[in-house]
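Shown next, in structure tokens, is the structure this report addresses.
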Amino acid sequence: MEWSALVYILLTVTTVTLGLWVDNKEYVPRYIGGGRAFGVQPGWDRRQAANNVVMMAVYCLLAGVSACRIAVGNDYWVYRDNFKLIAQGRHVSSEPGFNLIVKWIQKLFGYDAYLPVFAFFSFVTVFFFVKALHDQGSCFAFSLYLLLTGGYYFNSLNSVRYYLVLAVALFAMKYVLRGEYGKFVLWILAGALFHKSVLLVIPVYLAARFLAAARLKKWHYAAGCVVLATLIFGQNVYREIIFYFYPYYRDSMFDNGELSYANILKCICVLGLGVICYGNGLREDIQNRFYFFLNLFGLTVYCCGSFIPEVSRVGYYMIISQVFLIPRLLIGMRKGWLRRLCLVGAVGFFGAYFVMLLRGMYAVDVRLLPYLNWIFN
């Protein structure tokens, strides 16, 4: 690795260290249960004010690194070419919400003003990531560590539209947990104006919420087996549906049938942690069970959905919930050697995964390294 990789490493260390000063454990239940019908939002006491100052610093660092990048990501210049086509009123494959925002920014800053466009989407994407951690992360620093080392933030420097709606989906989980399904659907529909794949989370998140609140019976397991069977034996049907919305994925470089072994391993390890913590944090906690079922759905997709082009992106909608589930399960464990072992194992696993990500960022189909920015480069 060359020196610019230190930008990502120092960013991770600095923001996670700042996150250690955030103490929002007692506020998260009230944020999850907020809204007029579900209680009163917590007031701005001294602790929460200090939390918000630290989180603002974290936001500025993350948004700054993202917004100031130039020529970072294998699709950076592809996006720039699309911005030109949008300005010319020509057809592009991106959704109308994205196109309208690009046109608006170009009217403000001029034709081919691609830097403000990237900066705008960086600010918005990082906002939804940090806001989601603020509202749902019982251990803010740990959730931030998992978000960064899991690659979600750093990959957002690539695939701008997709990671914007991934952040929106993460943020919108709280509305599913509250039972405010109308707000949830509206947020997802808004996200679909930028990347329509996010519509998938409406049935998936609602199914996970239903199962989280239910006492599982035989018909639940039977229904699960039927869904699993369709993924195995109905692949051609699913592929035709996918290619109806994304025809350019057929026989493309993304339609390769590869399995994501790293993500499968992550899901299996989280399932194992859930089994260990079943009596202390999973059996009766609806929030944990919701995240747990999303992780189970993600494992199913990764194991049986290799026929889906870019299956990792489909799975990310589900397994990104790990940034909340893992800290909550570990917090709920009894203090002792097992808890320390699981904590060290989780930190070490994601740290090793981060190192693998850094090494892979130089690949021509990723190109997140070397990091360049328009200030110094």
Subject >> Short side-chain to backbone donor-acceptor contact, Arg289 and Ala213, under 3.5 Å >> reply: no

Original post:
Would you say Arg367's side chain and Asn158's backbone share a donor-acceptor pair under 3.5 angstrom?
Top reply: no

Original post:
Can Val314 be reached from Leu265 by stepping across I, L, V, M, F, W or Y side chains whose heavy atoms are under 4.5 Å apart?
Top reply: yes

Original post:
Is there side-chain contact between Trp374 and Arg69, with at least one heavy-atom pair below 4.5 Å?
Top reply: no

Original post:
Below 4.5 Å, heavy atoms only, C-beta onward: do Met318 and Asn295 meet side chain to side chain?
Top reply: no

**OP:** Verify side chain to side chain contact (heavy atoms under 4.5 Å, CB included) between Glu26 and Arg47, making sure each step is shown before the conclusion.
**Re:** CA-CA 11 Å; Glu26 79 174 70; Arg47 180 191 298 175; 2.7 Å; yes

Original post:
For Phe140 and Val28, what are the C-alpha separation, side-chain angles and deciding distance, and is it a side chain to side chain contact (heavy atoms under 4.5 Å, CB included)?
Top reply: CA-CA 10 Å; Phe140 181 85; Val28 167; over 6 Å; no

Subject >> Distance-minimising heavy-atom pair for Leu18 and Ala57 >> reply: CD1-CB, 4.2 Å

Original post:
Centres of the Tyr317 and Tyr162 rings: under 6.0 Å?
Top reply: yes

Subject >> Point-to-point distance, once rounded to the nearest 0.5 Å, from CZ of Arg30 to CG of Asp135 >> reply: 13.0 Å

**OP:** Using the six-membered ring of Phe349, assess whether NZ or CZ of Lys266 lies under 6.0 Å from its centre and within 45 degrees of the ring axis.
**Re:** no

Original post:
Does some side-chain heavy atom of Tyr114 sit less than 4.5 Å from a side-chain heavy atom of Ile70?
Top reply: yes

Original post:
Between Met173 and Ser321, which heavy-atom pair has the shortest distance, and what is it?
Top reply: CE-CB, 4.0 Å

Original post:
Should Met361 and Phe154 count as side-chain neighbours, where that means a heavy-atom distance under 4.5 Å?
Top reply: yes

**OP:** Can you sort out the partners of Arg90 under side chain to side chain donor-acceptor pair (under 3.5 Å), two or more places apart, ordered by chain and number?
**Re:** Gln88

Original post:
Side chains of Leu325 and Gln287: closer than 4.5 Å at any heavy-atom pair?
Top reply: no

Original post:
Distance-only, no hydrogens or angles: does the Ser122 side chain make a donor-acceptor pair with backbone N or O of Ala63 under 3.5 Å?
Top reply: no

Original post:
What about Leu341 and Val344, same hydrophobic cluster or not, with Ile/Leu/Val/Met/Phe/Trp/Tyr joined at side-chain heavy-atom distances under 4.5 Å?
Top reply: no

Subject >> Exam field: side chain Arg209 to backbone Val176, donor-acceptor pair closer than 3.5 Å >> reply: yes

Original post:
Distance-only, no hydrogens or angles: does the Tyr371 side chain make a donor-acceptor pair with backbone N or O of Val72 under 3.5 Å?
Top reply: no

Original post:
So if you build clusters from Ile, Leu, Val, Met, Phe, Trp, Tyr with side-chain heavy-atom gaps below 4.5 Å, do Met56 and Val22 land together?
Top reply: yes

**OP:** Name all residues meeting the side chain to side chain contact (heavy atoms under 4.5 Å, CB included) criterion together with Leu108; count only those two or more places apart in sequence or in a different chain, and write none if there are none.
**Re:** Trp104

Subject >> Under 3.5 Å: donor-acceptor pair, side chain of Asn24, backbone of Gly137 >> reply: yes

Subject >> Phe83 and Phe98 aromatic ring geometry - parallel, tilted or perpendicular at 30°/60° bounds >> reply: tilted

Subject >> Ion pair check, Lys174 and Glu180, cut-off under 4.0 Å >> reply: no

Original post:
So which heavy atom on Gly191 is nearest to which on Val198, and how close?
Top reply: C-CG1, 3.8 Å

**OP:** Grab the two heavy atoms, one from Tyr353 and one from Thr149, that are nearest each other, plus how far apart they are.
**Re:** CD2-O, 3.4 Å

Subject >> Audit row: Leu11, Thr15, side chain to side chain contact (heavy atoms under 4.5 Å, CB included) steps and yes/no >> reply: CA-CA 6 Å; Leu11 179 67; Thr15 53; 3.9 Å; yes

Subject >> Interatomic spacing from SG in Cys277 to CD1 in Ile331 - rounded to 0.5 Å >> reply: 11.0 Å

Original post:
Ring centres of Phe354 and Tyr8 under 6.0 Å apart?
Top reply: no

**OP:** Starting at OG of Ser94, measure out to NZ of Lys196 and round the result to the nearest 0.5 Å.
**Re:** 9.0 Å

**OP:** May I ask you to test the Phe120-Val117 pair for a side-chain heavy-atom distance under 4.5 Å?
**Re:** no

**OP:** Under the side chain to side chain contact (heavy atoms under 4.5 Å, CB included) rule, collect the residues that match up with Ala50, sequence neighbours excluded.
**Re:** none

**OP:** Can you spot which of Tyr316, Phe128, Phe324 makes a side-chain contact (heavy atoms from CB on, under 4.5 Å) with Leu170?
**Re:** Phe324

Original post:
Which pair of non-hydrogen atoms, one from Gly298 and one from Cys267, has the smallest distance, and what is that distance?
Top reply: C-SG, 4.2 Å

**OP:** Return yes if some donor-acceptor pair links the side-chain N/O of Arg178 with the main-chain N/O of Tyr31 below 3.5 Å, else return no.
**Re:** yes

Original post:
Any donor-acceptor pair under 3.5 Å linking the side chain of Thr17 with the backbone of Val13?
Top reply: yes

Original post:
Testing Tyr291, Tyr152, Phe297 for side-chain contact (heavy atoms from CB on, under 4.5 Å) with Ile319, which one passes?
Top reply: Tyr152

Original post:
Going only through I, L, V, M, F, W and Y residues with side-chain contacts under 4.5 Å, is there a path from Trp77 to Leu369?
Top reply: yes

Subject >> Any donor-acceptor N/O pair, Tyr153 side chain to Thr12 backbone, under 3.5 Å >> reply: no

**OP:** To the nearest 0.5 angstrom, please state how far the CD1 atom of Ile286 sits from the CD1 atom of Ile32.
**Re:** 12.0 Å

**OP:** Considering non-hydrogen atoms only, spot the tightest contact between Ile188 and Ala172 and give its length.
**Re:** CD1-CB, 4.1 Å

Original post:
Should the ring pair Phe118 and Tyr76 be called parallel, tilted or perpendicular, given that the plane angle runs from 0 to 90° and is split at 30 and 60?
Top reply: parallel

**OP:** Check the pair Ile264 / Leu299 against side chain to side chain contact (heavy atoms under 4.5 Å, CB included), numbers first and verdict last.
**Re:** CA-CA 6 Å; Ile264 290 174; Leu299 177 61; 4.0 Å; yes

**OP:** Determine, using the 4.5 Å side-chain heavy-atom cutoff (strictly less than), whether Val185 and Val204 are members of one ILVMFWY cluster.
**Re:** yes

Original post:
Quick one: does Asp75's side chain get under 4.5 Å of Ser159's, heavy atoms only?
Top reply: yes

Original post:
Once the angle between the rings of Phe142 and Tyr145 is folded into 0 to 90°, is it parallel (under 30°), tilted (30 to 60°) or perpendicular (over 60°)?
Top reply: tilted

Subject >> Heavy-atom side-chain proximity of Leu273 to Met333 below 4.5 angstrom >> reply: yes

Original post:
Looking at CG of Leu62 and OG1 of Thr14, how far apart are the two atoms once the value is rounded to the nearest 0.5 Å?
Top reply: 10.0 Å

Original post:
Out of curiosity, Lys103 NZ to Asn99 CG, how far, rounded to the nearest 0.5 Å?
Top reply: 7.0 Å

**OP:** May I ask you to decide if Gln106's main-chain N or O and Tyr111's side chain share a donor-acceptor pair within less than 3.5 Å?
**Re:** no

Original post:
Counting only heavy atoms not in Lys84, do more than 12 sit closer than 6.0 Å to its NZ atom?
Top reply: yes

